[in-house]
Number of protein chains: 2
Amino acid sequence: MRNRSVTYSSEATFQALADPTRRAVLDLLRRGSQPAGEIARAFPVSRPAISKHLRLLRRAHLVQEHRQGRNRVYHLNPEPLRAVDSWLDQYRTFWKMSLTNLKRFVEAEYSKETNQGHAPKSNRKTSKGDL
Amino acid sequence: MRNRSVTYSSEATFQALADPTRRAVLDLLRRGSQPAGEIARAFPVSRPAISKHLRLLRRAHLVQEHRQGRNRVYHLNPEPLRAVDSWLDQYRTFWKMSLTNLKRFVEAEYSKETNQGHAPKSNRKTSKGDL
DNA sequence: ATGATCTGTAACCCTACAGTTACACGACGG
DNA sequence: CCGTCGTGTAACTGTAGGGTTACAGATCAT
């Protein structure tokens, strides 16, 4: 129940992913769940620092915590990453094209209409025929 | 000439992607290159604010600028996003599993060895057989 | 009960950044 | 040459983030 199609704020997700330590925490958790202290010991920074990182990750629902005695075991929740994935998906077609060609195309495209419209007008999205 | 396999700092990339406005700028540029002013007009914030966003995006090599008369035309460079994609790739297998099952698995896994080792030791990475 | 352990949080730095307004400078059009 | 346009940047403010140390609360062993 409420397992599928829960929408997470991709805002919080992207923001959580911005910090290298947090990404490393996720990478660590990918190998298996760990209690907070254990996680902290894997990093050069202080334990409270990691605790705050975990708070952010929790806020983004990228990790979930469950108490286990006096430990707080954290485990990964990859679900919010789907949003990142689908955002990224819109760009995948782009990096299939040669960059220099894309650049040339765009430059030509723009100088063709220097003071009318600026971008390729409607949904004329860089059709491969131009390359 | 240094066209392929240029390594971008995924650090700068993730950080650039953290801001919603910058992601929107990229989304905009996906429709076609535009001069700075044009981009700025698409957002509620001031033009210098966008200029600074563009600086960050430039720093992350997510956009490239080329002068065109007195305009500075920005175009998208999706290349650094590959790093994000490949980082994300390590998580794709995870979100194929049911979350509740994953959770149960991990909990069981941990309580099995409460005070010995904490994580599934070596590279025993949640083989699908457990679900 | 008592003390050690695990953890989160508050209080406090300092830096980065998103936003603003004001300004500087090159490019164009007369 | 002069005004305007397009753009970047400096100066400044407010806020959030990441780091620290010190402390508080819960749990466990004795």
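Lettering follows sequence order; numbering is per chain, from 1.
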TODO: Kindly work out whether a path of hydrophobic side-chain contacts (I/L/V/M/F/W/Y, heavy atoms less than 4.5 Å apart) joins B:L56 to B:I50.
DONE: no
- [ ] Would you kindly give the CZ-to-C1' distance between A:R23 and D:dG18, to the nearest whole Å?
- [x] 14 Å
Task: Upstream residue (5' side of DNA chain D) when A:D19 and A:G69 are each assigned their closest nucleotide - done: A:D19
Task: Nucleotide nearest B:T21 when distance is taken to its side chain, options D:dG17, C:dG19, D:dT21 - done: C:dG19
TODO: Let me know the distance between NE2 of A:H66 and P of D:dT27, rounded to the nearest Å.
DONE: 15 Å
Task: Polar side-chain contact A:K52-C:dG8 base: donor and acceptor under 3.5 Å - done: no
- [ ] Nearest whole angstrom, please: distance from the P of C:dT7 to the CZ of A:R67.
- [x] 12 Å
Task: Salt-bridge criterion met for B:R92 and B:D85 (N-O under 4.0 Å) - done: yes
Task: Nucleotide C:dC17, atom P - distance to CZ of A:F14 in whole Å - done: 18 Å
Open item on the list: From the set C:dT21, C:dT7, C:dT9, return the single nucleotide nearest to any side-chain atom of A:P35.
Closed with: C:dT7
Task: Whole-Å distance separating the CG atom of B:L56 from the C1' atom of C:dA16 - done: 10 Å
TODO: Could you tell me the separation between the CD atom of B:E65 and the P atom of C:dG26, rounded to a whole number of Å?
DONE: 15 Å
- [ ] Output yes when B:E38 and B:R47 qualify as a salt bridge under the 4.0 Å nitrogen-oxygen rule, no when they do not.
- [x] no
- [ ] State whether A:Q15 places a side-chain N or O below 4.0 Å from either non-bridging phosphate oxygen (OP1 or OP2) of D:dG17.
- [x] yes
Task: Proximal nucleotide (of C:dA18, D:dT20, D:dT9) relative to the B:R22 side chain - done: C:dA18
Open item on the list: Using every non-hydrogen atom in the two residues, find where A:L81 and A:L17 come nearest and quote the distance to one decimal.
Closed with: CD2-CD2, 3.8 Å
TODO: Give, for atom NE2 of B:H66 and atom CZ of B:R72, the distance between the pair rounded to the nearest 0.5 Å.
DONE: 12.0 Å
Task: Under 4.0 angstrom between A:S46 side-chain N/O and D:dG19 OP1 or OP2 - done: no
Open item on the list: If you assign A:L54 and B:R70 each to the DNA chain C nucleotide with the nearest heavy atom, which residue ends up on the more 5' nucleotide?
Closed with: A:L54
Open item on the list: Can a side-chain donor-acceptor contact be found between A:Q15 and A:R59 if the only test is distance below 3.5 angstrom?
Closed with: yes
Open item on the list: Is there a side-chain contact between A:S51 and the phosphate of C:dT7, meaning an N or O under 4.0 Å from OP1 or OP2?
Closed with: no
Open item on the list: As a test of reading the structure: which of C:dG8, D:dG18, C:dC17 is closest to the side chain of A:A36, going by heavy atoms?
Closed with: C:dG8
Task: N/O donor-acceptor pair, side chain A:R47 with base C:dG8, under 3.5 angstrom - done: yes
- [ ] Output yes when at least one side-chain N/O atom of A:H53 is less than 4.0 Å from OP1 or OP2 of D:dG19, else no.
- [x] yes
Open item on the list: For C:dG8 and A:Y74 - does any side-chain N or O of the residue sit under 4.0 Å from the phosphate oxygens OP1/OP2?
Closed with: yes
- [ ] Ignoring backbone atoms, establish whether A:N71 has a side-chain N or O less than 4.0 Å from OP1 or OP2 of C:dT7.
- [x] yes
Task: Spacing between B:R72 atom CZ and C:dC28 atom P, to the nearest angstrom - done: 12 Å
- [ ] Please state how far atom CD1 in B:I50 lies from atom C1' in D:dG6, giving the value in whole angstrom units.
- [x] 15 Å
Open item on the list: The side chain of B:R59 is closest to which nucleotide in this list: C:dT20, C:dT9, C:dC17?
Closed with: C:dC17
